[in-house]
Protein chains: 2
Amino acid sequence: MVDSRKLKVDNGIKHILLYALAIATFIFILKWIQWKFLIVENAIHIYVGLIAILFTILGMWFTTQLLKPKTQTVFVEKHIIIQEPENFCLNQTALKKLNLTNREYQVLTLIVKGLSNAEVANELFLSLSTIKSHASSLYVKMNVKNRYQAMIKAKKMNIVK
Amino acid sequence: MVDSRKLKVDNGIKHILLYALAIATFIFILKWIQWKFLIVENAIHIYVGLIAILFTILGMWFTTQLLKPKTQTVFVEKHIIIQEPENFCLNQTALKKLNLTNREYQVLTLIVKGLSNAEVANELFLSLSTIKSHASSLYVKMNVKNRYQAMIKAKKMNIVK
DNA sequence: ATTTCCTTCATTCTTTAGTACCAATCACCC
DNA sequence: GGGTGATTGGTACTAAAGAATGAAGGAAAT
């Protein structure tokens, strides 16, 4: 029952569609003929128009080939951050006042680097005893109790890097 | 004598020039007439040609307007010198990476000041053993051998004043 | 409830730092 | 020639630092 009714409806729609298609085709043909006459009548204008379009494109293409691209220079600041550029300035006056001998100062610089007495001895090709001697005497001259305080004082006085 | 002979020559040249001019004018007129007929006969071609030229130029002009300029980026180095006179800025990131406990960091700050373990113990009201424990574990975490190196590393890493 | 981590403290032992005192060598100056 | 100071080195001793291990209490997470 449902199927037969559906079939009826389908047939109706089919006829309507066919009719519409016929009309559409007819209109299309008419329009086409109209266009054909238009083209025939305005052949010269269309020709000129096509030429214009063609040569416009040609001119554009030609230009892209010939024209050197204009360069626009953009300046961009590149920030380079420099951490204290070796601006260590040895405090000669303070160093002289301490009255350290050359060896003592040499030992001090290595102590400040964090080396142990044994390592300093190795570095300078000297015995541990010698380093201890120099270290002790430089502590007295710097008026400090041990290597840590010597380190801090030396850095504060700007007598070592 | 010299003058009269020169005059004769001048007269001869004048005639020749006039004659040449007449012929040239005649030829020019003829050519012009010929061109005129050519133009009339080929009016449509000339028209199309002019259109072509015009639109070629138009296309070229259009392209010059459309074409984006090629940007050239120039980096200008601007050096920014950062000095650290008093503006100590704690390096939180580095400090976190070390994974020190609160007490360990506290002990470190006092070690950096140059205090001995006994002094640190006094300062924090703790036993010497406790300070030694914290110190040892922070040396391991900082990957240093002793308090001097911890001092140097801590200052270099900007994790202490 | 158990585990994990932080904190605290202790003990033992080794290494390093520092003091004190001494001595040999060398260069320089009076 | 003798005095002075820098350099090098030694011994003996004390103090401090550091490693290794253990343990107990507490807070926080699972």
Side-chain angles (χ1 to χ4, degrees), chain A residues 90-157 159-160, chain B residues 90-157 159-160:
Chain A
L90 190 117
N91 189 347
Q92 301 271 5
T93 322
L95 186 54
K96 265 200 172 178
K97 273 189 183 173
L98 284 181
N99 202 28
L100 297 177
T101 68
N102 284 342
R103 270 306 200 202
E104 282 163 1
Y105 180 63
Q106 205 172 6
V107 171
L108 175 63
T109 60
L110 294 176
I111 282 174
V112 169
K113 278 189 186 174
L115 273 64
S116 69
N117 285 342
E119 288 169 330
V120 174
N122 248 348
E123 188 82 11
L124 301 180
F125 301 102
L126 296 175
S127 78
L128 183 59
S129 303
T130 309
I131 304 305
K132 281 189 175 186
S133 286
H134 291 315
S136 284
S137 73
L138 81 83
Y139 297 154
V140 172
K141 287 182 183 176
M142 288 181 74
N143 194 28
V144 294
K145 278 193 264 179
N146 49 46
R147 62 209 297 109
Y148 339 122
Q149 290 181 6
M151 220 162 136
I152 292 165
K153 196 160 186 176
K155 291 217 175 189
K156 200 170 269 181
M157 288 173 76
I159 59 173
V160 288
Chain B
L90 190 115
N91 189 344
Q92 301 271 5
T93 322
L95 186 54
K96 266 201 172 177
K97 272 191 181 171
L98 284 181
N99 204 26
L100 297 177
T101 67
N102 285 342
R103 271 304 202 201
E104 283 163 359
Y105 180 63
Q106 204 171 7
V107 170
L108 175 63
T109 59
L110 294 178
I111 282 174
V112 169
K113 279 189 185 176
L115 274 63
S116 68
N117 285 341
E119 287 170 329
V120 173
N122 247 348
E123 188 83 12
L124 301 179
F125 302 103
L126 295 175
S127 78
L128 182 60
S129 303
T130 307
I131 303 305
K132 282 187 175 185
S133 284
H134 291 316
S136 284
S137 74
L138 81 85
Y139 297 153
V140 172
K141 286 182 183 176
M142 289 181 74
N143 195 30
V144 293
K145 278 193 265 180
N146 48 47
R147 61 207 300 110
Y148 337 122
Q149 290 182 5
M151 224 161 132
I152 293 165
K153 195 158 187 178
K155 290 214 176 192
K156 198 172 268 180
M157 289 174 76
I159 58 173
V160 287

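These numbers were taken from a predicted model, which means no experiment stands behind them. Convention: sequence-line order gives letters A, B, ...; per-chain numbering from 1.
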Practice item. Determine the contact category for B:Tyr148: base if any of its heavy atoms lies under 4.0 Å from a base atom, sugar-phosphate if only primed atoms, P, OP1 or OP2 are that close, otherwise nothing. Key: sugar-phosphate
Exercise for review: Mark yes or no for whether B:Tyr105, through its side chain, and B:Ile159, through its backbone, hold a donor-acceptor pair below 3.5 Å.
Suggested key: yes
Review point. Should A:Asn117 be listed as having a side-chain N or O under 4.0 Å from OP1 or OP2 of C:dT16?
Key: no
Review point. Tell me: OH of A:Tyr139 to P of D:dA15, nearest whole Å?
Key: 18 Å
Revision key, fill the gap. Of C:dG18, D:dG9, C:dC6, the nucleotide closest to the side chain of A:Leu126 is D:dG9
Check your understanding: Looking at the side chain of A:Ser127, which of C:dT7, C:dT19, D:dG10 is the nearest nucleotide?
Key -> D:dG10
Check your understanding: Closest nucleotide of DNA chain C for B:Asn146 versus for B:Thr101: which of these residues is on the 5' side?
Key -> B:Thr101
**Study point:** Rounded interatomic separation in angstrom, taking CG from A:Leu100 and P from D:dA6
**Key:** 11 Å
Practice item. Could you check how far CG of B:Asn143 sits from P of D:dG18, rounded to whole Å? Key: 15 Å
Point to revise | Residues touching DNA chain D, which here means a heavy atom under 4.0 Å, drawn from residues 128-138 of chain B | key: B:Lys132, B:Ser136
Exercise for review: Taking the side chain as every heavy atom from C-beta outward, state whether B:Leu138 and B:Leu98 have any atom pair closer than 4.5 Å.
Suggested key: no
Check your understanding: Which distance, rounded to the nearest 0.5 Å, do you find between the CG of A:Leu115 and the CG of A:Asn122?
Key -> 9.5 Å
Point to revise | Side chain proximity check, B:Arg147 to B:Ile111, heavy atoms < 4.5 angstrom | key: yes
Study note, to complete from the structure: Taken to the nearest whole Å, CG/B:Leu108 to P/C:dT7 is 14 Å
Check your understanding: What is the distance from NZ of B:Lys145 to P of D:dA16, rounded to the nearest Å?
Key -> 23 Å
Practice item. Using a strict cut-off of less than 4.0 Å between a Lys/Arg side-chain nitrogen and an Asp/Glu carboxylate oxygen, indicate whether B:Glu123 and B:Lys113 qualify as a salt bridge. Key: no
Exercise for review: Quickly work out the B:Glu104 CD to C:dC6 P distance and round it to whole Å.
Suggested key: 7 Å
Practice item. Supply the atom-to-atom distance A:Leu126 CG to A:Asn117 CG, rounded to the nearest 0.5 angstrom. Key: 12.0 Å
Study note, to complete from the structure: Taken to the nearest whole Å, CG/B:Asn122 to P/D:dA16 is 12 Å
Practice item. Decide side-chain hydrogen bond (donor to acceptor under 3.5 Å, both in side chains) for A:Ser127 and A:Thr130; before the verdict, give the C-alpha distance in whole Å, the side-chain angles of both, and the deciding distance to 0.1 Å. Key: CA-CA 5 Å; A:Ser127 78; A:Thr130 309; 3.0 Å; yes
**Study point:** Separation of C:dT4 P from B:Asn99 CG (nearest whole Å)
**Key:** 17 Å
Review point. A:Arg147 side chain N/O closer than 4.0 Å to the phosphate oxygens (OP1, OP2) of C:dA17?
Key: yes
